[in-house]
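Each ligand, and each atom within it, is numbered from 1 in the order the structure gives. Bear in mind the structure is a predicted one, so any value in this text is a computation, not a measurement.
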Amino acid sequence: MCGITGFIGSDGAIQIALESLKRLEYRGYDSVGIAYPQNNHIAVVRATGNISRLHDRLGGDVPDVAVAIAHTRWATHGQPTEANAHPHQDCSGQIAVAHNGIIENYGPLRDELQRMGHRFSSETDTEVLPHLIEHYLHEAGDLVEAVRLSLRRVEGSYAVAVISTRYPGGVIVARKDSPLVIGLAEGSKLIASDIPAVLPYTKDVLILEDGDVVVVTPGAVILTDISGKTAHRSPTRVGWSIEEAEKGGYSHYMLKEIHEEPVAVRNALRGRIDNDRAILEGLTISPADWRRFQRVEIVACGTAYHAGLVGKRLMEQILRIPTEAVIASEFRYSDPLVDEKTLVLLISQSGETADTLAAMREAKQRGAYTLAIVNVMGSTLAREADGVIYTQAGPEIGVASTKAYLAQLAVIHLLAIHWAQQIDAPFLNDGVSRPLLVNELERLPDLIASALQGEPHIKSLADRLADRSCFIYLGRGYDFAAAMEAALKLKEISYIHAEAYAAGEMKHGPLALIEPGVVVIGLATQPTTNLKLWSNLKEVKARNGTVVVVHTEGESVPDGSDYQISIPPAPPSLMPAIALVPLQLLAYHIANARGCPIDQPRNLAKSVTVE
Ligand code: F6R
């Protein structure tokens, strides 16, 4: 959601800033712009649409400059027009600012600046920043101090990059609640909203923290806080290769990431299983603390929330501790019942989702212990939560979350098993003992690899169903949690209306939707409820709906189902991880057959850093 890049070196800044920006396209955007110091002024070029439109605007003869900042905008305040695209400038045209986040008090700031005579040319919240900096530059005489004074006036979130004719060889960057990293290459520096954008140039990055204000020049990075005090922080060496962050021959990141699922889950489990025990090193929770927790609240958004629904059932089954899964945007405004006896488990791929961060802060304030399951190293959630378990799934670029979901499920299992060990829980998991569950968890990467083998069958099924306009996913228990995620995958990338229901609810309303053409996908992977699910599917068939059944290998299927998808068997709590493999592939191939832009679905962004 919005992306900033920049290059600070000796030449080629525009090309490098735009190449880096392309690596952030997955975040979603609707306009784009670049700014660079040239001949004593700041040149700004902007365009609606994608980065190639900006290339057209720049023309064939791109100036060779040493410093540039670039931005992709995902519209929040004001339409996606050229005037609203970043970077934005002050009245004098000497300052340009690219910004991610939301300036909540931009209204009063804008009024105040207008009263002082500043002229605005966009509808954005961001434009107050260059004008504020211009104002404080007159007062303070120093650009960096003017940036600090301006940011102190701002309420809300920001990652900003500022260039000025006052400082033509460098860029000033700052962050609060919106990610930004600095790539530390030899003789040059890069700035970016996310690590993959700088990987072709360096693996050494400085991850900015809230309150940082940093002056970046080709040879130095001067780190201060918002009051001007110098700070020191060691850079991080990134473990991923550039290939890992790129498409690697697949037509879309999403397809690549689905095929990476066996490796992602293996990495999530690596070093965390010893014989039949789960080992979570780095958690500083004592056995007494584990016993202290009397409630668990799992808080997340979207796909991560769906992983939390699996976690709820698993934790209640094996820990016998009341557990709720709550959508983060609901949790934060619900006056939640959490205290020091509550463990609040936050799940997030990016670690930057605004609602999940706000929920974590709310829970902390109420005395709860906050534990985060996160994929992105050094992200805000990972740094601010009391404890963190990384999913280790590698970079996920496609907007639709796939491998991160499976890795989240693996880590949730590790956590529940680890916790059960700490408190000697009775471990009543559908009759599955702890050693058996641990062994099956270890086999999960192989079971996922085996489910991937079914792709040719899934593709031909997708070709047959791609023109349908209504899909209903049904399941009970763990299958219902999986159905929720499967429906989200289809709707977000194919734009087909898709809903998930607890199968037992069908007769209470949704059955009225069934008519010829409606596709009902029944997940039947749970031995205790499969027969009930079959009855629901028969009711659909009797009304001429099209029935697809996902079942475990060797299990019989209900009479009259139109299509079958068979997957390897495993203990009930692991079935969502296996069932989602063909259902992610089905969503992918349906969206592909419909010609949808799979990695950047309309209106969506990879990292949702605003409410
Ligand atoms: C759907 C999807 C979103 C995210 C949600 C939370 O495919 O990717 O629903 O799961 O925006 O994002 P994170 O996990 O980064 O907090």
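Near A400, meaning under 4.0 Å from any of its heavy atoms, are these atoms of ligand 1: 7 (O). Interface atoms of ligand 1 facing S350, defined by a heavy-atom separation under 4.0 Å, are 13 (P), 15 (O), 16 (O). Contact atoms of ligand 1 toward A304: 10 (O), 14 (O) (distance under 4.0 Å to a heavy atom of the residue).
For atom 16 (O) of ligand 1, the candidate residues are T303, V376, T353; the nearest heavy-atom contact is made by T353. The heavy atom nearest to atom 7 (O) of ligand 1, out of those in E492, Q584, E396, is found in E492.
When each of E485, Q408, K489 is paired with H306, the side-chain hydrogen bond (donor to acceptor under 3.5 Å, both in side chains) condition holds for E485 and for no other.
Counting heavy-atom neighbours within 6.0 Å of Q79 CD, excluding the residue itself, gives a total of 12 or less.
Geometrically, ligand 1 and G351 share no nitrogen or oxygen pair separated by less than 3.5 Å. Inclusion of T356 in the set of residues having an N or O under 3.5 Å from an N or O of ligand 1 is not warranted.
Ligand 1 does not have L604 within reach: every non-hydrogen atom of the residue lies 4.0 Å or more from it.
A distance of 12.0 Å separates CD of E257 from NE2 of H252, quoted to the nearest 0.5 Å.
Between I318 and H413, every side-chain heavy-atom pair lies at or beyond the 4.5 Å cut-off.
At a heavy-atom distance under 4.0 Å, only side-chain atoms of K489, from C-beta outward, approach ligand 1.
Between the side chains of N84 and T124, no donor-acceptor pair is found at a separation under 3.5 Å.
Figure legend: cation-pi geometry between R602 and Y495, with NZ or CZ positioned under 6.0 Å from the six-membered ring centre and within 45° of its axis.
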